[in-house]
**Q** 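Submitted below is the structure of interest, expressed as structure tokens.
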Amino acid sequence: MNARKRLLISDILRLWKQGVAIVGLLACGIATFIMSTSTIRSMEASRDQYYAHYHFAHAWASLVRAPNALLDRILEIPGVTRASGRIVRQAILDFPNLSEPVTARLVSIETKSLDALYLRKGRLPKLGAETEVVVSELFAEAHDLKLGDTLQANLGGKRDLLHIVGIGLSPDSIYVVQPGLLLSDNRLYGIVWAPREKLEAVWNMDGAFNHLAVELENPADGHKIQTQIDELLSNYGGTGSILRDDQESHARIRDELNELRTMAFLAPAIFLSVTIFLLHMVFSRWIGQQRERIATLRAFGYRVHEIAWHVLQVISIWIGAGVILGVLIGLRFANALSGIYKEFFRFPEIIQVPFGWEWIGAVMLGAAVAALGAWSGLKQVVRLPPALAMQAGNLQPSAARFLALWSLRSTSVAKMSPILRLVLLRMLANPKLTLLSILGLSLGVSLLILSSFFQSTIDRVLEHQFSQCQRHDFQLTFDESKNESSMYEISQWPGVTRVEGFRAVPVQLHNGNQRERLTILGLDPNAELFRLLDTSNHASIPKSNGGLVITKKLANKLGVCQGDFVEVEVLEGVHRRLRLPIDRIFANYTGPSASIDRATLHEWMREGDRLSGVFLTLDPNYRDEVYQRIKKTPVVCGVLNRQATLANFRELLSRSTSAMRFINAIFAALITLGVAYNSALITFSERARDLATLRVLGYRQNEILWILLLELILITLLAIPIGIPLGYTFAYGMITSLDTDSHRLPMVFAPSTIAYTLSVIAAATAVCCLMVAQMASKLEIIHVLKVRE
Amino acid sequence: MSVPRRPLFEAKQLSKSYPMGDSVVHALRGIDLQLHEGEFVVILGASGSGKSTLLNILGGLDTPTSGTLMFRDQDLSACDEHALTEFRREHVGFVFQFYNLISGLTSLDNVRLVTEIANAPMEPIEALRLVGLENRATHYPAQLSGGEQQRVAIARAIGKNPSVLLCDEPTGALDVKTGAIVLDAIARIHRELGTLVVIITHNAAIANMANRVIRLSDGQIARIDENLNPQPASTLQW
Ligand SMILES: Nc1ncnc2c1ncn2[C@@H]1O[C@H](COP(=O)(O)OP(=O)(O)OP(=O)(O)O)[C@@H](O)[C@H]1O
Ligand SMILES: [Mg+2]
């Protein structure tokens, strides 16, 4: 081994603490990058393959009933390559060991259909075996359903027994969510695929369909073809078609991928910036210390680039280790993330894409970090003239400037204790190092804010939705609209304290070229169980004989203002077009929605008091009895249970976020440790002589320690007021990226977020203090004094 | 000058050895020595003879491998690091060859570093006056000459009113004339405060200032000379 190699190794060994911090932080940055990008790629690949192999449709439409022969006419529309018709209905399932009623989406099994069924286990129903069904995988898992189990169902007013022969998935239900809900609840809502003959018999749908799926030659033509489909279906009770963008499952995956993309950018950006800071700190300091050695080597005749190369090698070893470690950790994290996603999204198989451009990305990021972090240090090496370096004084250039500043000091500074002044002195004498330390720590603080603020946002939304807007215990949907006597009947159930009916009508809203398909909700003026509240809880009540009350999301989509008129195309019963004014626009956290006074809606619909469902509250003691009633009431085809939904939300969220939160807390602690400890390490080595002198003069060990800790604490205290706003800025970027069609999230500044952030920072700082104490106890007094400065 | 009978320091069979791999380096081998209040003692000896080791042990910076060292009634050889710190804090003033001033603090602040933690310190400016630098109180080390820096270091050492002033080659880095001024400052402190002063030097001429001259050789005391008529520093021939 030649001398230069030995020098390299000894340098790496001597700087091992700094090396560990830099490699660790770089690895975190690369790991979060790899985790996000490879998860994105694996999800996209899994999804795309699934879509392709199982013929995920491009457009869908619901209708009342159309003969199968209509499919041929749909195929005649230019650009349509395939069309399949299905029977889709909702029904209540009754699990004997579960008091709550469960809602199921029944889908007819078709041969050669779009959105084809993938069988995970078991088989398809045998020909003629009408009670055999396939259930969705997540639903089966939530209820621990096995092949051979039976399900009790309310089908068209009759109790029926269904036999599970298969467990499966379909590409239009990768994510399953009950209409009207934000998140999936696989316990209370699932998909059941049943033989066509069975559904035909129950709902009188012989040779007919009520749900259409269409494959297009060119998805870009979607909007044009949509109009033609809607026209064709208008005579069959079509309620308007949707494209992939509005398909629930597809939209969820898309939103999730977008969120991942934001994370793929934000988290690595934070880590890599800290790594750059740290590299810069350590490296400039090291070069500063090595001035004499470098100059000596130069005096021996070494060329500049030979020395620079040696220095670069040390850095490349760190960077290389960080990148490799980061990729390995990132792949592990990606695995863990897949585990979390598996609770929400189901594909026939998760395709792991082991190698990809993100590897090149990781290496490039590493190189960029190295270049940015090492730049000024290297410049110092190259610029160092040998002669000057030999007389390297201990007067740093900044010290001179500082002396001037110091001599102008005020009397209050003069009264300050020398120890405190010593600390301030060091911080001011090397302002760049101090600034970088503060910035690095504030990035750690910001990461904590970024990873924890979401909880309070979710809390706010849940509180708003489930305590303020929705105050019912149950929302029951009727099979088809019923008159008010059904409501009266329900109000007579034991334990029911209040019942309010609503009318839901599918419509298409038009404003010029803008249009939006949704369900208008007709509400009573005295409605208390379902209120239209804006984000500051001001209620909007649709006026009798008035117009629409719409959410801001809808107003933005349609491009309308208060007082404008929109065209309303009624998609139920006789298709008619009306012009209604926008009475009020209010901002809330949900997607586009529109409401109107119920009586007014009835008038427009030229119908009597028809109800689509009811909201009800009940005496908690009668909960089980009401459950039983719901299960036995054939007209009820869907149940939303507010309490269960809320509980499910909370559980899902805490399960999926707590792991991330924990990991992020560790990451932030690592940043704090890396930056704070290294800055203390630098202070220590710069000040070793002074500290040893103080020890000789009789200063106690803990007084010396205090000098080091004081600086650490000051830097941390300065970093907090920078890091918190920075964190909320990142959080704002995140919130903005999550602002989708289906929801809008509020930015909430909660004391608990700040408290959490501060306590993690405090804990990390405390650990760092212990490490510094350990370091300070190793101060070699005599040794330091023997050598000349 | 009368020499009180009661010794301030009393060393018995003081030894210090450093294990170096298989062998052992004996820095001190069985030193017996008494140092009294108000004495001015010079230690001479070849390089590597153990002078600094002895001084460091006297000053509580180091502990002997064997033997005992008493400071008044306190057994320093049995003290732990914590007790030694307290000993230094209260009783010891150190001056080194390389001044070791803290570069970011003024002369006065360097002195204040010590007076602030001592039990019965003198006024910081008073300490600077004793070394003749009261008018350089607001100057930074970088603005002072080497000799001046060393005098600030002396002021810092005596600011706490120590029982003993230990100087390890205080003039080692200085030219003759400046060295004389520094020695003068030490002598003045000895005269005015009556502090026990122990100076290590390579310069035998300095020995003329001392009450006693101790010659070390290979870790042992080779000779002790009493000097009944100490000379002021300014008259020394280098
Ligand atoms: N930490 C140590 N480890 C090993 N040996 C040491 C150590 N410190 C001192 N020595 C050895 O002890 C002996 C005495 O050292 P000391 O520093 O006391 O000498 P000195 O008389 O002060 O010399 P000089 O006049 O050169 O300063 C020397 O041989 C030295 O090598
Ligand atoms: Mg020595």
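In this text, all values refer to a predicted model and were calculated from it rather than measured experimentally. Convention: sequence-line order gives letters A, B, ...; per-chain numbering from 1.
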**Q** Should B:R129 and B:E126 count as an ion pair when the cut-off is N to O under 4.0 Å?
**A** yes
**Q** Angle between ring planes, B:F71 versus B:F87, binned at 30° and 60°: parallel, tilted or perpendicular?
**A** perpendicular
**Q** Tell me, side chain or backbone of B:I117 under 4.5 Å from chain A's heavy atoms, or both, or neither?
**A** side chain
**Q** Salt bridge or not between A:E703 and B:R89? Use side-chain N to carboxylate O under 4.0 Å.
**A** yes
**Q** Measuring heavy-atom distances to chain A, does B:E81 have an atom under 4.5 Å in its side chain, in its backbone, in both, or in neither?
**A** side chain
**Q** Which region of B:E86, side chain (C-beta onward) or backbone (N, CA, C, O), has a non-hydrogen atom less than 4.5 Å from a non-hydrogen atom of chain A, or is it both or neither?
**A** side chain
**Q** Does B:R88 reach the main-chain N or O of B:V92 with its side chain, forming a donor-acceptor pair under 3.5 Å?
**A** no
